[in-house]
Amino acid sequence: MKPPKTLLFLLVAMLTQMLQSCDPFLPMENPIGRIKTGLFNLKSDSVRVQLDVERFFGVSNLFTYNFTLMSGEQYSLQDEIPSYQDGFFHFNYYITDVHGKIDTVKREVDVKRNEYRRNISEIIYIKD
């Protein structure tokens, strides 16, 4: 028994439509987590800041940033880490006011391997 031509034509048309609606194969993008840290100077005077950032993922890297924040000014730093990778971040802030007094703020961020990683963000306020 041979199926009618219209049934074969309909079957081929349905398969063609299904295949056309499929997305083409594209490699998956590697999701990236963002770690954003910031300083906001609420003092009436400027402050000098030394920021040491040590990152551990894959290899250890140390970055040092030196800058001055005027009154009311904000500084932000953003770092990225690929998903499926562990990471550990040390943020050491050495904040010197106009009188020479040094305050130290230390932050640690431990990022575990994950398929989906949320963004991590914080702002440190410098007050009188």
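All heavy atoms count here, side chains included; hydrogens, waters and symmetry mates do not.
Of all the heavy atoms in L69 and Q74, the pair that sits closest is CD2-C, 4.0 Å.
At distances below 3.5 Å, not a single donor-acceptor pair connects side-chain atoms of D45 with backbone N or O atoms of V98. Side-chain atoms of S71 come within 3.5 Å of backbone N or O of K43 as a donor-acceptor pair.
At least one side-chain heavy atom of T37 sits less than 4.5 Å from a side-chain heavy atom of Y93.
How far CD1 of I126 is from CD of E73: 10.5 Å, rounded to the nearest 0.5 Å. Note that CD of Q78 is 8.5 Å distant from OG of S121, once rounded to the nearest 0.5 Å.
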What pairs of donor and acceptor atoms, side-chain ones from residues 55-66 against any protein atom, are under 3.5 angstrom apart with sequence neighbours left out?
from : atom 1 : to  : atom 2 : distance (Å)
R55  : NH1    : D79 : OD1    : 2.8
R55  : NH1    : D79 : OD2    : 3.2
T64  : OG1    : D52 : OD1    : 3.0

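The hydrophobic clustering, which links ILVMFWY residues whose side-chain heavy atoms are closer than 4.5 Å, places I120 and V105 together. A single hydrophobic cluster is seen to contain both I95 and F67, as judged by linkage of ILVMFWY side chains at heavy-atom distances under 4.5 Å, directly or through other members. Under the 4.5 Å side-chain contact rule for hydrophobic residues, I123 and F91 do not share a cluster. Note on Y94 and F89: separate hydrophobic clusters, where clusters join Ile, Leu, Val, Met, Phe, Trp and Tyr whose side-chain heavy atoms are under 4.5 Å apart, directly or indirectly.
L39 pairs in a side chain to side chain contact (heavy atoms under 4.5 Å, CB included) with only one of the listed residues (V47, L51, V49), which is V49. With respect to H90, the side chain to side chain contact (heavy atoms under 4.5 Å, CB included) criterion is satisfied by exactly one of K106, R107, E108: E108.
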